[in-house]
Amino acid sequence: MSCPICDKKTDIKYRPFCSKHCADVDLGRWFNGAYAVPADTPEDMDEATAEMEKSNLAPH
């Protein structure tokens, strides 16, 4: 198996990555929104928008 970031051989300690650096690069991509799970139908987006609006209006 090779590292999905740099294609080097993976290290058991950081699997599926080769190093902490590549694991951190991957995590950074998730945080920055570079990775996303697409919605299949418009209803999914409507539901997500409704939930966000509900949570923004709810008291903390």
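Along the sequence shown, the residues carry numbers beginning at 1. Keep in mind the model is a prediction, meaning the values are calculated, not measured.
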Novice: Test: salt bridge (Lys or Arg N to Asp or Glu O under 4.0 Å). Region: residues 23-35. Which pairs qualify, not counting sequence neighbours?
Specialist: K20-D24
Novice: Hydrophobic cluster mates of W30, side-chain heavy atoms under 4.5 angstrom, ILVMFWY only, any path?
Specialist: I5, Y14, F17, V25, Y35
Novice: Does the side chain of C18 reach to within under 4.5 Å of the side chain of C6, using non-hydrogen atoms?
Specialist: yes
Novice: Identify, with sequence neighbours excluded, every residue that meets side-chain contact (heavy atoms from CB on, under 4.5 Å) alongside S19.
Specialist: H21, C22
Novice: Please determine whether side chain to side chain contact (heavy atoms under 4.5 Å, CB included) holds for the pair R15 and M1, giving the CA-CA distance in whole Å, both sets of side-chain angles, and the decisive distance to 0.1 Å.
Specialist: CA-CA 9 Å; R15 192 174 179 127; M1 178 180 235; 3.5 Å; yes
Novice: Closest heavy-atom contact between P16 and T10?
Specialist: O-CG2, 3.0 Å
Novice: Checking the side chain of N32 only, and the main-chain atoms of A34 only, is there a donor and an acceptor separated by less than 3.5 Å?
Specialist: no
